[in-house]
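Notes follow once the structure below has been shown.
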Amino acid sequence: MKPKGALFELAFIKKFCPRVFDDFCFLPSVGASGGILVAWKSSVFSRAKIFQNNYAISVQFSSLHNNDSWILTFIYGPCDPKGKVDFLDWLGNVQMPDEEDWLLVGDFNLLRKPKDRNRHGGNTNEMLLFNEVISALGIEEISLQRKKYI
């Protein structure tokens, strides 16, 4: 069972997360969406949550050791066709400054090519739109190495 909304507290996180992770932010689950949890060690990183919507949380982390800074955006894309179109519209309009180190991670619930599916089919229009957004934003995919998503 996962908590929803305001019931999500550090006490719950401590039930499954190592103690050293003592700070967090989260996006609660909405309908069939699983939600997002980001946890880190406050002795190593300071953070500022810079954005949150139904699809993502963006957090700016700074290293307390060397002051390096980067933005980490955690994505949980919608599963329904209308939601995917809205998500891609939002993602395509994200302003990613060139001078910032930025990493997008998560479950986009979209495929880039038909062979990414474990069975035949798939919405090629969604694939084309997703690839257009990735290209327009200049995002580089880091491929999964020596693992297979099943």
Show me the donor-acceptor pairs within less than 3.5 Å that the side chains of residues 94-105 make with the rest of the protein, sequence neighbours left out.
from: Gln95; atom 1: NE2; to: Asn93; atom 2: O; distance (Å): 3.4
from: Trp102; atom 1: NE1; to: Thr73; atom 2: OG1; distance (Å): 2.8

Taking atom types as modelled, find out whether Gln60 and Ser69 have a side-chain donor-acceptor pair closer than 3.5 angstrom. yes
Using 30° and 60° as the class limits, which term best fits the ring planes of Phe108 and Phe130: parallel, tilted or perpendicular? tilted
Partners of Asp89 by salt bridge (charged side-chain N to carboxylate O under 4.0 Å, His left out), sequence neighbours excluded? none
What do the steps show when you test Phe61 against Leu72 for side-chain contact (heavy atoms from CB on, under 4.5 Å), and what is the final call? CA-CA 7 Å; Phe61 285 102; Leu72 203 47; 3.9 Å; yes
Does any part of the side chain of Asp86, heavy atoms only, come nearer than 4.5 Å to the side chain of Tyr55, both counted from C-beta? yes
Cluster question for you: counting only ILVMFWY and a side-chain heavy-atom cut-off of under 4.5 Å, with indirect links fine, are Phe87 and Phe51 together? yes
Nearest 0.5 Å, what's the CG-CG distance between Leu91 and Leu137? 5.5 Å
Is the shortest side-chain heavy-atom distance between Glu126 and Pro81 below 4.5 Å? yes
Restricting to pairs with a member in residues 60-72, which pass salt bridge (charged side-chain N to carboxylate O under 4.0 Å, His left out), not counting sequence neighbours? none
Measuring from Ser62:OG to Asn67:CG, what's the distance to the nearest 0.5 Å? 7.0 Å
For a 4.5 angstrom cut-off between non-hydrogen side-chain atoms, does Ile75 reach Asn109? no
Could you tell me the separation between the SG atom of Cys25 and the CD1 atom of Ile57, rounded to the nearest 0.5 Å? 4.5 Å
Filter on side chain to side chain donor-acceptor pair (under 3.5 Å), then keep only pairs touching residues 129-141, sequence neighbours left out; what's left? Arg112-Asn131, Arg112-Glu141
Residues two or more places apart in sequence or in another chain: which of them pass side-chain hydrogen bond (donor to acceptor under 3.5 Å, both in side chains) with Asp80? none
Carefully, step by step, assess Ile50 and Val59 under the rule side-chain contact (heavy atoms from CB on, under 4.5 Å). CA-CA 6 Å; Ile50 57 174; Val59 181; over 6 Å; no
Going by atom type alone, with no hydrogens or angles, which donor-acceptor pairs under 3.5 Å involve a side-chain atom of residues 37-47 and a protein atom two or more places apart or on another chain?
from: Ser42; atom 1: OG; to: Asp22; atom 2: OD1; distance (Å): 3.0
from: Ser42; atom 1: OG; to: Asp22; atom 2: OD2; distance (Å): 2.8

Residues Trp90 and Ala56: closest non-hydrogen pair is CH2-CB, 3.7 Å
Any side-chain heavy atom of Tyr76 sitting closer than 4.5 Å to one from Leu27? no
